[in-house]
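Note that the numbering runs from 1 along the sequence shown for the chain.
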Amino acid sequence: MKKDTVYLISDAHFGIDLQGCEAREPAFFKWLQEISPEMSQLIIVGDLFDFWIEYKSSIRADYFQVLHALKKVSEQGTEIHYLAGNHDFALGSFLEEKIGIVIHHGDYNTEIQGKKVHIYHGDGLIKKDIGYRILKKVLRNPINQKLYKLIHPDLGVALGTLVSGSSRKYLRPLLNESIIREYRQHALDLLKKGNDIVIFGHTHKGELCRFDSGIYCNTGSWLINYNFASMRNGEIRLWRYREGLSPEEIYCSDLKNGSSAS
């Protein structure tokens, strides 16, 4: 089978124990196995892990199987790109050197199948979220990350997981229609600058919107909905994975230029 399809996934939040989400990891392994023969690229649009801190000689044991699965995919010839999210921003050399993943700490502008594509996790886009943008600069400061790593891994991971879980609970009640419109507006602005496709994650709400100037895709969440996106022959599509069944397609909304964001 020809490897001619690019797959995108975000917001699996592996490493956090949530009731009702226990099957997301084995489902992820089955999904990778099913798509691997045709997958040319895998693009992780952030927050694959609920908390990531890269110690020099310590990797979380509960991440081993996911990392092993990604390593296997890489060895089979799939190019993997990983965009830092707000839960796994401290990505380091381990993923690049040992797993074979290309790391992007900000946005990722690329060409896929003849289309100009802008990809970003999506955190910090909301105008009112000034506090988070300040916190983001503090947490992503290289000096602060080095200081954090002085904490014993067992304590550092426990503390990071506690804070990470709290931020996720804080986000969900704020996700209303005005936020969805604001994300669409950001996408529309980027489309008007010459991009053909804009891809975000972060909101946990998967959607595919067709504007006059291009397409906006939010990759949704693997955490609960098993969302993923695919690109073949320059066409992007959004799906919901269903074990033992064909994926359920989430169809595109046709929106007039700017009308959805006002």
Side-chain angles (χ1 to χ4, degrees), residues 3 5-16 24-25 28-29 31-33 35-113 117-124 136-151 153 156-157 160-161 164 199-202 219 222-223 228-231:
K3 286 182 174 287
T5 307
V6 174
Y7 285 90
L8 304 101
I9 186 174
S10 72
D11 298 279
H13 293 275
F14 292 132
I16 192 74
R24 73 188 187 279
E25 189 170 301
F28 176 71
F29 301 145
W31 175 70
L32 282 181
Q33 186 178 21
I35 66 174
S36 183
E38 63 183 26
M39 178 169 57
S40 61
Q41 289 187 50
L42 173 64
I43 302 177
I44 300 166
V45 193
D47 285 359
L48 184 71
F49 298 105
D50 194 70
F51 174 70
W52 179 275
I53 186 72
E54 194 165 304
Y55 292 94
K56 186 176 181 180
S57 56
S58 177
I59 297 295
R60 284 180 59 167
D62 56 343
Y63 288 170
F64 175 79
Q65 288 186 309
V66 174
L67 293 171
H68 176 71
L70 293 175
K71 174 68 172 177
K72 186 176 180 180
V73 165
S74 176
E75 290 175 341
Q76 291 173 345
T78 294
E79 183 179 310
I80 306 176
H81 293 262
Y82 196 140
L83 282 75
N86 57 307
H87 286 257
D88 51 8
F89 54 84
L91 302 171
S93 59
F94 171 81
L95 292 173
E96 291 184 312
E97 296 174 1
K98 303 300 182 181
I99 310 297
I101 296 175
V102 181
I103 301 299
H104 304 273
H105 289 281
D107 54 14
Y108 176 36
N109 295 285
T110 185
E111 184 175 305
I112 301 176
Q113 301 161 2
V117 183
H118 175 95
I119 312 172
Y120 177 59
H121 177 62
D123 56 307
K136 180 177 179 178
K137 291 182 178 180
V138 173
L139 294 176
R140 300 198 184 197
N141 183 287
I143 296 176
N144 291 337
Q145 290 187 21
K146 287 181 180 179
L147 291 173
Y148 191 90
K149 291 177 184 179
L150 296 176
I151 303 173
V157 168
T161 300
S164 180
I199 299 170
F200 296 144
H202 186 60
T219 47
W222 187 269
L223 175 67
F228 68 93
S230 67
M231 280 193 68

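Taking 4.5 Å as the limit, some side-chain heavy atom of Ile119 sits within range of a side-chain heavy atom of Leu8. Between Asp11 and Val45, the closest side-chain pair of non-hydrogen atoms is not below 4.5 Å. The side-chain heavy atoms of Ile112 and Ile43, taken from C-beta on, include a pair separated by under 4.5 Å. Looking at Ile199 and His118, their side chains never come closer than 4.5 Å, going by heavy atoms from C-beta outward. Using a 4.5 Å cut-off on side-chain heavy atoms (C-beta onward), Asp47 and Ser10 make no contact. Using a 4.5 Å heavy-atom threshold, the side chains of Phe228 and Thr219 count as separate. Residues Phe29 and Gln65 have side chains in contact (heavy-atom distance under 4.5 Å, counting atoms from C-beta outward). Contact annotation: the side chain of Met39 never approaches that of Thr5 to less than 4.5 Å [non-hydrogen atoms, C-beta and beyond].
Taken from CG in Asp62 to CZ in Phe14, the straight-line distance is 11.5 Å, to the nearest 0.5 Å. Of the inter-residue distances, the one linking Leu48 atom CG with His121 atom NE2 reads 11.0 Å to the nearest 0.5 angstrom. Taking CE of Met231 as the reference point, atom OG of Ser40 lies at 10.0 Å (rounded to 0.5 Å). Within the model, atoms CD1 of Ile35 and CD1 of Ile9 stand 7.5 Å from one another, a figure rounded to the nearest 0.5 Å. Distance check: His104 NE2 to Leu91 CG gives 11.0 Å after rounding to the nearest 0.5 Å. Atom NZ in Lys71 sits 9.5 Å away from atom CD1 in Ile80 (nearest 0.5 Å).
Contact between Leu32 and Ala69 at its shortest, heavy atoms only, is CD1-CB, 4.0 Å. Considering all non-hydrogen atoms of both residues, Gly15 and Tyr63 come closest at CA-CE2, 3.6 Å.
Atom CD of Gln33 sits in a sparse spot, with 12 or fewer heavy atoms from other residues, nucleotides or ligands closer than 6.0 Å.
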Worked verdict on Asn86 versus His202 for side-chain contact (heavy atoms from CB on, under 4.5 Å): CA-CA 8 Å; Asn86 57 307; His202 186 60; 3.2 Å; yes

Output, in order, the C-alpha distance, side-chain angles, deciding distance and verdict of side-chain contact (heavy atoms from CB on, under 4.5 Å) for Leu70 and Leu42. CA-CA 9 Å; Leu70 293 175; Leu42 173 64; 3.9 Å; yes

Walk me through it: do Lys3 and Ser36 pass the test side-chain contact (heavy atoms from CB on, under 4.5 Å)? CA-CA 8 Å; Lys3 286 182 174 287; Ser36 183; 4.2 Å; yes

Run the side-chain contact (heavy atoms from CB on, under 4.5 Å) check on Trp222 and His13 step by step: do they pass? CA-CA 8 Å; Trp222 187 269; His13 293 275; over 6 Å; no

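Under 3.5 Å, the side chains of Tyr82 and Glu96 contain no donor-acceptor pair of N or O atoms.
Using the six-membered ring where Trp is involved, Tyr120 and Phe200 have ring planes that are perpendicular, over 60° apart on the 30 and 60° scheme.
For His81 and Tyr108, the gap between ring centers is short of 6.0 Å.
For the side chain to side chain contact (heavy atoms under 4.5 Å, CB included) with Phe49, the lone residue among Ile16, Ile44, Leu67 that qualifies is Leu67.
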